[in-house]
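All remarks here apply to the structure that follows.
Source: prediction; values computed, not measured.
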Amino acid sequence: MVARLARRGPDRPVRRPVPARTRARRCAGADRPASVPWRTALVNRTFLGCLIAQLTQSALAAVIFTWLPSYFHHALGYSELTAGSLLGLPSVGGIVALFTAGFTADRLVRRGVGSRRARGVLGGSVLACAGLVLTLLPWIQHPIVSIGILMLGYGGSVSLNTFTNPVLAEIVPPHQRSAILGVLNGLGVSAGAVSPIVSGMLLDASDTPQRGYTLTFFCFGALVAFGGLCFALMVDPERDGRHARSLPSL
């Protein structure tokens, strides 16, 4: 060691080998795209449209899972055992809607349709139609038809996630996508803490259970339709993505 220092000279620093993990981190940081400022990522029409739609859909979902067995039992006349078994039917409609909506939107994008139309307008239209279907419940008297409307309405609203996730992914670079989706989901589910309370107040104020449940689904169906309209009018990931990339990076 002394001989090596003597050959190098007293003023020449000793070079230490850089660990492989540190070199990998430096290379990854050099290749990573610039970050979008969080104020820009969260305060734009696309994110706000997704948030409004997410709030309305989570409010409906909380009402469905809280009151649907009671609706089947007290309003439609099914036994408690049958009502519990029927609870899964709207979720079956949701699974079908998720695959159908995702396949349709991806196919439109592959054909060259812009995200504004393939995901924004289409997603908002699906959500608005799902809400409008639920508003028909007060005028339906047959139990089987009522269950079918719930499957269509709630199932169509569940497809929202197949549209919100891709459009937000277009606004920010890959290393920020998980964070922005976490913010959306964290804020979006907050409506689910309030909607069962509001629906309970509507049920208490109604003359009969049938009228109370149908009024509840009518109100939240209209709310979901409003969220779909906001989604269709506000979401434009191509516009907001260009704006975010044009600003100085972090």
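Proximity of a side-chain donor or acceptor of D204 to a complementary backbone N or O of M201 within less than 3.5 Å is not detected. With hydrogens and angles disregarded, no donor-acceptor distance shorter than 3.5 Å links the side chain of Q57 to the backbone of L160. Of the possible donor and acceptor atoms, none in the side chain of R116 sits under 3.5 Å from a partner among the backbone N and O of P237. T164 places no side-chain N or O within 3.5 Å of a backbone atom of C50 that could act as its donor or acceptor partner.
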### Task
Test Q54 against N161 for side chain to side chain contact (heavy atoms under 4.5 Å, CB included), laying out the working first.
CA-CA 8 Å; Q54 188 79 12; N161 290 330; 3.6 Å; yes
### Task
Please lay out, stage by stage, how V224 and L134 fare under the test side chain to side chain contact (heavy atoms under 4.5 Å, CB included).
CA-CA 9 Å; V224 167; L134 289 173; 5.5 Å; no
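Connection of L89 to I95 is not established within any shared hydrophobic cluster, with ILVMFWY side chains joined at heavy-atom distances below 4.5 Å, either directly or through further cluster members. One hydrophobic cluster, built from ILVMFWY side chains closer than 4.5 Å, cannot hold both L132 and L150; they sit in different ones. At a threshold of 4.5 Å between side-chain heavy atoms, the hydrophobic network of Ile, Leu, Val, Met, Phe, Trp and Tyr places V96 and V133 in two separate groups. Under a hydrophobic-cluster definition in which Ile, Leu, Val, Met, Phe, Trp and Tyr are linked whenever side-chain heavy atoms come within less than 4.5 Å, directly or via other members, L76 and L137 are assigned to the same cluster. When the side chains of ILVMFWY residues are joined at heavy-atom separations under 4.5 Å, either directly or via intervening members, V121 and L168 end up in two distinct hydrophobic clusters.
Of all heavy-atom pairs spanning F47 and A41, the tightest one is CB-O, 3.7 Å. Scanning both residues, A53 and G227, for their nearest heavy atoms gives CB-O, 3.8 Å. Between T135 and P138, the closest heavy-atom pair is O-CD, 3.2 Å. Taking both residues in full, the closest heavy atoms of G49 and F231 are given as O-CD1, 3.8 Å, listed atom of the first, atom of the second, then distance. The minimum heavy-atom distance linking L60 with S157 is given by the pair CD2-OG, 3.7 Å. For S35 against H175, the heavy-atom pair with the smallest separation is OG-NE2, 2.7 Å.
Between Y213 and L203, some side-chain heavy-atom pair lies under the 4.5 Å cut-off. Residues L55 and S190 have side chains in contact (heavy-atom distance under 4.5 Å, counting atoms from C-beta outward). You'll find the side chain of N44 stays beyond 4.5 Å of the side chain of H243, heavy atoms only. For the pair Y154 and V158, the minimum side-chain heavy-atom distance is below 4.5 Å. With a 4.5 Å cut-off on side-chain heavy atoms, L187 and L51 count as touching. In this structure, I180 and W38 have side chains that are in contact, with non-hydrogen atoms separated by less than 4.5 Å. Contact of the T162 side chain with the F99 side chain is not registered, since no non-hydrogen atoms from C-beta on lie closer than 4.5 Å. Using a 4.5 Å heavy-atom cutoff, the side chains of F217 and T214 are not in contact.
Every side-chain hydrogen bond (donor to acceptor under 3.5 Å, both in side chains) that S115 has, sequence neighbours left out, goes to E170. In this structure T82 satisfies the side chain to side chain contact (heavy atoms under 4.5 Å, CB included) test together with Y78, S79, L86, sequence neighbours excluded. When the side chain to side chain contact (heavy atoms under 4.5 Å, CB included) test is applied to R239, the partners found at least two apart in sequence or on another chain are R45, T46, D236, R242. With sequence neighbours left out, the side chain to side chain contact (heavy atoms under 4.5 Å, CB included) criterion links L215 to L202, S206, C219. Under the side chain to side chain contact (heavy atoms under 4.5 Å, CB included) criterion, V126 pairs with L122, S159, sequence neighbours left out. The side-chain hydrogen bond (donor to acceptor under 3.5 Å, both in side chains) test applied to D207 returns R211, not counting sequence neighbours.
In the hydrophobic clustering, where aliphatic and aromatic side chains (Ile, Leu, Val, Met, Phe, Trp, Tyr) are joined below 4.5 Å either directly or transitively, F218 groups with W139. Listed by chain and number, the hydrophobic cluster partners of L229 are L233, where partners are ILVMFWY side chains within reach of under 4.5 Å, directly or through others.
Within the structure, no pair that satisfies the salt bridge (charged side-chain N to carboxylate O under 4.0 Å, His left out) test touches residues 76-86, not counting sequence neighbours. Residue pairs meeting the salt bridge (charged side-chain N to carboxylate O under 4.0 Å, His left out) criterion with at least one partner in residues 142-164, sequence neighbours excluded, are absent. Note on residues 85-106: pairs passing side chain to side chain donor-acceptor pair (under 3.5 Å), not counting sequence neighbours, are D106-R119.
Rounding to the nearest 0.5 Å gives a distance of 11.5 Å between NE2 of H73 and CG of L81. For the atom pair CD (Q141) and CD (Q210), the distance works out to 6.0 Å, reported to the nearest 0.5 Å.
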Pairs under 3.5 angstrom only: tabulate donor-acceptor contacts from the side chains of residues 61-70 to other protein residues two or more places apart or in another chain.
from : atom 1 : to   : atom 2 : distance (Å)
T66  : OG1    : A62  : O      : 2.6
W67  : NE1    : S199 : OG     : 2.7

